[in-house]
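Heads up, the thing below is written out as structure tokens.
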Amino acid sequence: LERQADADVLGIIPAFRPAEPGPRGQLVMVTSPGSMIADAYRGLRTRLLLTLAGRDSGTILVTSPTWEDRGTVAANLAAALAQSGRSTILVCADLHWGRAPLLFGDSQDAQGLTELLERRTDLSGALRPTSVPGLRLLPPGAPLPDPAALLQLPAVRTALSDIGAQADVV
């Protein structure tokens, strides 16, 4: 995989069955912190921080070319980063199917990234606290018919800069 992608593999997260039913059970860093899965996320966090050490940015993008649950990976990685003492903001930029608020037991209809980029709220009005100390969530916000158009606006770069000024890792 490393040879084909010409990139390092930083970690492998094994498949798992949640200890708790519902979306919150997917947040293993909170529901099963002593598990092998949580340990895999801590290992990923460590390798990621070593990779970021020589860079000028603390912004990480978690994505996938298929339907894997990238939101679960991003949420657990964000929790692992916060648990290591870094102030962390998880931005749920999946404006169609973002589930991060559900993983943290938050409302899906909270103001978020959509409203921030459309300048209908400010960052302090869009950020939500989570149950993980040091971790805040920027939910996706209201669904849109064409979210890709919104994510191409110059306001995205400004918003990421503003978010980055408020956390060690985004």
Side-chain angles (χ1 to χ4, degrees), residues 2 5 7-14 16 23-24 26-65 68-95 97-106 110-117 121-141 150-151 153-170:
E2 288 178 324
D8 295 336
V9 172
L10 297 178
I12 297 174
I13 308 300
F16 66 95
R24 185 157 169 78
Q26 299 288 321
L27 194 60
V28 296
M29 295 305 299
V30 173
T31 60
S32 302
S35 69
M36 176 179 80
I37 308 305
D39 194 46
Y41 277 110
R42 285 189 289 273
L44 173 60
R45 172 196 67 203
T46 299
R47 287 185 291 286
L48 186 61
L49 289 172
L50 288 171
T51 301
L52 288 176
R55 299 207 167 106
D56 194 24
S57 175
T59 302
I60 302 162
L61 173 66
V62 176
T63 189
S64 170
E68 285 110 17
D69 198 356
R70 55 197 171 258
T72 299
V73 172
N76 279 290
L77 180 57
L81 287 159
Q83 289 170 349
S84 73
R86 286 161 182 81
S87 63
T88 306
I89 296 176
L90 173 60
V91 178
C92 185
D94 186 343
L95 301 180
W97 299 284
R99 294 176 7 112
L102 294 176
L103 297 175
F104 291 99
D106 202 358
Q111 286 195 335
L113 184 59
T114 298
E115 291 77 14
L116 180 66
L117 296 178
T121 191
D122 61 3
L123 187 55
S124 63
L127 284 175
R128 315 281 294 175
T130 70
S131 60
V132 179
L135 175 59
R136 291 176 287 166
L137 170 68
L138 179 59
L150 184 66
L151 294 174
L153 294 175
V156 171
R157 186 175 299 271
T158 303
L160 284 174
S161 176
D162 294 345
I163 295 164
Q166 293 197 24
D168 298 326
V169 184
V170 176

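Every heavy atom of this structure was used, including side-chain atoms; hydrogens, water molecules and symmetry mates were not.
A 6.0 Å sphere centred on CD1 of I12 holds no more than 12 heavy atoms belonging to other residues, nucleotides or ligands.
In this structure the side chain of P14 reaches within 4.5 angstrom of the side chain of I37, judged on heavy atoms. I13 is not listed as a side-chain neighbour of T72, based on a closest heavy-atom distance of 4.5 Å or more. No side-chain heavy atom of L135 sits under 4.5 Å from any side-chain heavy atom of L81. The side-chain heavy atoms of L102 and Q26, taken from C-beta on, include no pair separated by under 4.5 Å. Considering only heavy atoms from C-beta on, F104 comes within 4.5 Å of V132 through its side chain. Residues L113 and L151 are in side-chain contact: their nearest non-hydrogen atoms beyond the backbone lie under 4.5 Å apart.
Remark: the backbone N or O of P33 is paired with a side-chain donor or acceptor of R42 at under 3.5 angstrom. S161 contributes no side-chain N or O that, together with a main-chain N or O of R157, makes up a donor-acceptor pair within less than 3.5 Å. Not a single donor-acceptor pair under 3.5 Å links the side chain of R24 to the backbone N or O of G105. Although no hydrogens or angles enter the test, the distance criterion places no donor-acceptor pair under 3.5 Å between the side chain of T121 and the main chain of L116.
Residues G141 and E115 approach most closely at CA-OE1, 3.3 Å, considering heavy atoms. What you find for S131 and P133 is that their closest heavy atoms are O-CD, 3.4 Å. Contact record, L138 with A126: CD1-CB, 3.3 Å, taken as the closest heavy-atom pair. The nearest pair of heavy atoms linking P139 to Q111 is CG-O, 3.4 Å. The two residues A159 and L117 have their closest heavy-atom pair at CB-CD2, 3.9 Å.
With sequence neighbours left out, the salt bridge (charged side-chain N to carboxylate O under 4.0 Å, His left out) criterion links D122 to no other residue. With sequence neighbours left out, the side-chain contact (heavy atoms from CB on, under 4.5 Å) criterion links R136 to I89, L127, Q166.
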Check your understanding: Does the pair L77 and L90 meet the rule for a side-chain contact (heavy atoms from CB on, under 4.5 Å), with working shown?
Key -> CA-CA 9 Å; L77 180 57; L90 173 60; over 6 Å; no
Exercise for review: Test side-chain contact (heavy atoms from CB on, under 4.5 Å) on L27 and N76 and set out the steps.
Suggested key: CA-CA 6 Å; L27 194 60; N76 279 290; 3.8 Å; yes
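Here the OG-CZ distance, from S35 to F16, works out to 8.0 Å after rounding to the nearest 0.5 Å.
Each of V170, T51, L52 was compared with I60 under the side chain to side chain contact (heavy atoms under 4.5 Å, CB included) criterion, and only L52 meets it.
Side-chain N/O atoms of S84 and R86 include a donor and acceptor closer than 3.5 Å.
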